[in-house]
Amino acid sequence: MQLPRDVLIGHGVLEEVGYVCRDLKLKGNALIVTGNTTRDIVGKRVCSILECAGISAETVLTCKATIEEVEKVMEKAHEVEASFLLGVGSGRSIDLAKLASTRLELPFISVPTAASHDGIASSRASIVDNGRSTSAQAQSPIAVIADTEVISAAPFRLLAAGCGDIISNYTAVLDWELASRLRNEYFGEYAAAISRMAARVIIDYADSIKPEHETSARLVVKALVSNGVAMSIAGSSRPASGSEHMFSHALDRIAPKPALHGEQCGVGTIMMMYLHGGNWQEIRDALKKIGAPVTAEELGIEDKYIIEALLHAHGIRPERYTILGSGLTPSAAEKVARITKVIS
Ligand SMILES: [Zn+2]
């Protein structure tokens, strides 16, 4: 199991980045991977905090999560003789730092500026390879520094999407149990318990997850870090990714303008919970309370793409057995979307 060694979550913890590097005995030059957006302000702050702590830091700006950008980060790391990387951003920069550091066999620190998905603390990275979005295996961050002051200042839509990514644990675990029964696949009770607990916390506290509340950011970040831990314990993404994730990945490929990963996973969870015969209304109600999308319209995606994604989802990862089995029929796909009010 590969787990982060230092996890800092709280108000102003960004200032501790130099302390964390010393605590982890990280020596030499740092390379900060960040985006060319307003979030880049945080990248600059991290750079000056590191320099004040006597660590020389260089920055590489990235724009897309593609294999070419991973190579660009690797080249820059060679050029500045970096001995560790920091991913500073909402997702893309963390994924790029994660993949580049894995290939370079260097440690990396995750500094999320938003809490929109569980990639902030996991060993998986979303990357576009040959025009196709895929999920690649990488290393876990050696440390996670999640400043709730920064995260609560990010658009609330991102935090609500993070909740969708966590709530999706419910159907991911049900799919995992199904695969264990039907395919004798290994099932990890402990990882599954952590995963379910994170989803339960978000559902139970759905009423109190509000914009600009640092307590909300703290709750969601803790759950996202728990997801990373659950996946590390399981040795796979099974506890946090099932049929609802396959639906989201299918939408990424099919919809002309996909929504956020966590938003699509949340809507996927409503429908997959219906297929499992579970309490899909509870999932829908919690997402609604939080302010996350629950319909195709709220996702900004036409009904026909929802149906198409439902029909193609089982083919995204054929080796991963889920409730989708060998696929839905067109009439079954339309039925699940209608009954759960995703399409009208
Ligand atoms: Zn996810």
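Each ligand, and each atom within it, is numbered from 1 in the order the structure gives.
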Give a yes or no on whether a salt bridge exists between [X] and [Y], defined as a side-chain N under 4.0 angstrom from a carboxylate O.
| X | Y | result |
| --- | --- | --- |
| Lys72 | Glu75 | no |
| Arg92 | Glu69 | no |
| Arg317 | Glu319 | yes |

- For the residue pair His261 and His249, categorise the inter-ring angle as parallel (less than 30°), tilted (30 to 60°) or perpendicular (more than 60°). tilted
- Check whether any N, O or S atom of His117 sits under 2.8 Å from the Zn ion (ligand 1). no
- Which of the N/O/S atoms in Asp165 sits closest to the Zn ion (ligand 1)?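 Nearest N/O/S atom of Asp165: OD1.
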- Message: From the N, O or S atoms in His245, identify the one nearest to the Zn ion (ligand 1).
- Response: NE2
